[in-house]
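Below is one structure; the comments refer to it alone.
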Amino acid sequence: MEQSPIRGESTSAQVFPFAFFDYGRLYARVDTFGVKTLPMGYGYLELAGRAEFNGYKAAGNPALRGIQDRQNAVPLGLGTFQITPIGGFFIYALHDFGGSSGNQVELTYVAELDAGPVTFYPEAGFEHFSRQYTQYYFGVSPTEAAASGYAPYGPGAATNPFLCLFVQVRLARSWDADFYLRRKWLSTTMTDSPLVDTARPITGFAAITAHFE
């Protein structure tokens, strides 16, 4: 389930495969995939890519009449997962090879709280987007303003904090039920856009997972 902050875009629920694994130097972490390269600290320097579905289409959405379609981002770059004595740290620096040609940086801290058959993984972090990224997804060009009636808007860079909770419930020896919920607080750089009508979007999923060793 993903709540889009874009005006007129409804919350969508889709079915996707779910994976969190390491296979040699290859890894998958829900929506992020890559290859571990050089050892670094408590982990590796990684080549990383991410599956994002943040594009939107104006067709069929009266609130976006006169606005051009935006394509999904194609973020590729570097990252690392540091498993330290005080918790895990995910760090990514990615460039969008899609429509925006912008950059994003993300830092997430994850703790682990074991309660028998249930394990809690609270997370906190932030994401930072460059001006090129926010301009593409949240800006309104003069041409679009003339066609849509919205005022022109040229946003700058944006930093969005977020909180997450991942819960894993043991069902059987090799099976778990997983639940994830994330609340994000959008920067005013984004919420001041006339295209945005949600300041605190929510993303979540539920999955049944099998473990292989």
So which atom in [X] and which in [Y] form the shortest heavy-atom distance, rounded to 0.1 Å?
| X | Y | answer |
| --- | --- | --- |
| C164 | R182 | SG-CG, 3.3 Å |
| P201 | L186 | CD-CG, 3.8 Å |
| L107 | F89 | CD1-CD2, 4.5 Å |
| P194 | R7 | O-NE, 2.9 Å |
| T134 | A158 | CG2-CB, 3.9 Å |
| G87 | Y109 | CA-CE1, 3.8 Å |

Just verifying a value: how many Å separate [X] [atom1] and [Y] [atom2], rounded to the nearest 0.5 Å?
| X | Y | atom1 | atom2 | answer |
| --- | --- | --- | --- | --- |
| Q82 | F90 | CD | CZ | 10.5 Å |
| Y92 | F81 | OH | CZ | 8.0 Å |
| E127 | F162 | CD | CZ | 6.0 Å |
| E46 | T80 | CD | OG1 | 5.0 Å |
| S4 | N54 | OG | CG | 9.0 Å |
| S193 | Q135 | OG | CD | 9.0 Å |

Is it true that a side-chain atom of [X] and a backbone atom of [Y] form a donor plus acceptor pair closer than 3.5 Å?
| X | Y | answer |
| --- | --- | --- |
| D96 | V74 | yes |
| R70 | Y136 | yes |
| Y133 | A73 | no |
| Q3 | I202 | yes |
| N160 | K184 | no |
| Y56 | Y137 | yes |

Q | With F138, the side chain to side chain contact (heavy atoms under 4.5 Å, CB included) member among T191, I6, T189 | A | I6
Q. Taking it one step at a time, do V169 and F179 satisfy side chain to side chain contact (heavy atoms under 4.5 Å, CB included)?
A. CA-CA 8 Å; V169 182; F179 305 92; 4.2 Å; yes
(Q) Looking only at side-chain N and O atoms, does E52 offer a donor or acceptor that is under 3.5 Å from a partner on N72? (A) no
(Q) Ignoring hydrogens and geometry beyond distance, is a side-chain donor-acceptor pair present between Q132 and S130 at under 3.5 Å? (A) yes
Just wondering, do [Y] and [X] contact through their side chains at under 4.5 Å, heavy atoms?
| X | Y | answer |
| --- | --- | --- |
| L113 | P122 | yes |
| T119 | D176 | no |
| L47 | L78 | yes |
| L64 | E9 | yes |
| D31 | F205 | no |
| T32 | R50 | yes |

Listing, residues 34-45 side-chain donor-acceptor contacts under 3.5 Å, not counting sequence neighbours, or none:
unit_1: K36; atom_1: NZ; unit_2: D22; atom_2: OD1; d: 3.1
unit_1: T37; atom_1: OG1; unit_2: L45; atom_2: O; d: 2.5

If you count every heavy atom of other residues, nucleotides or ligands that lies below 6.0 Å from [X] atom [atom1], does the total exceed 12?
| X | atom1 | value |
| --- | --- | --- |
| W185 | CH2 | yes |
| R25 | CZ | yes |
| R200 | CZ | no |

Q) Are W175 and Y180 co-members of a hydrophobic cluster defined by side-chain heavy atoms under 4.5 Å apart? A) no
Q) Under 4.5 Å between side-chain heavy atoms, hopping through other hydrophobics if needed: is there a path connecting L76 to L94? A) no
Q | Derivation of the side chain to side chain contact (heavy atoms under 4.5 Å, CB included) call for T209 and F20 | A | CA-CA 9 Å; T209 58; F20 195 107; over 6 Å; no
Q | All side chain to side chain contact (heavy atoms under 4.5 Å, CB included) counterparts of A145, not counting sequence neighbours | A | V140, P152
(Q) So, using side chain to side chain donor-acceptor pair (under 3.5 Å) as the criterion, who are the partners of S174 when residues are at least two apart? (A) none
Q) Is the NZ or CZ atom of R29 positioned over Y27's six-membered ring, under 6.0 angstrom from the centre and within 45° of the axis? A) yes
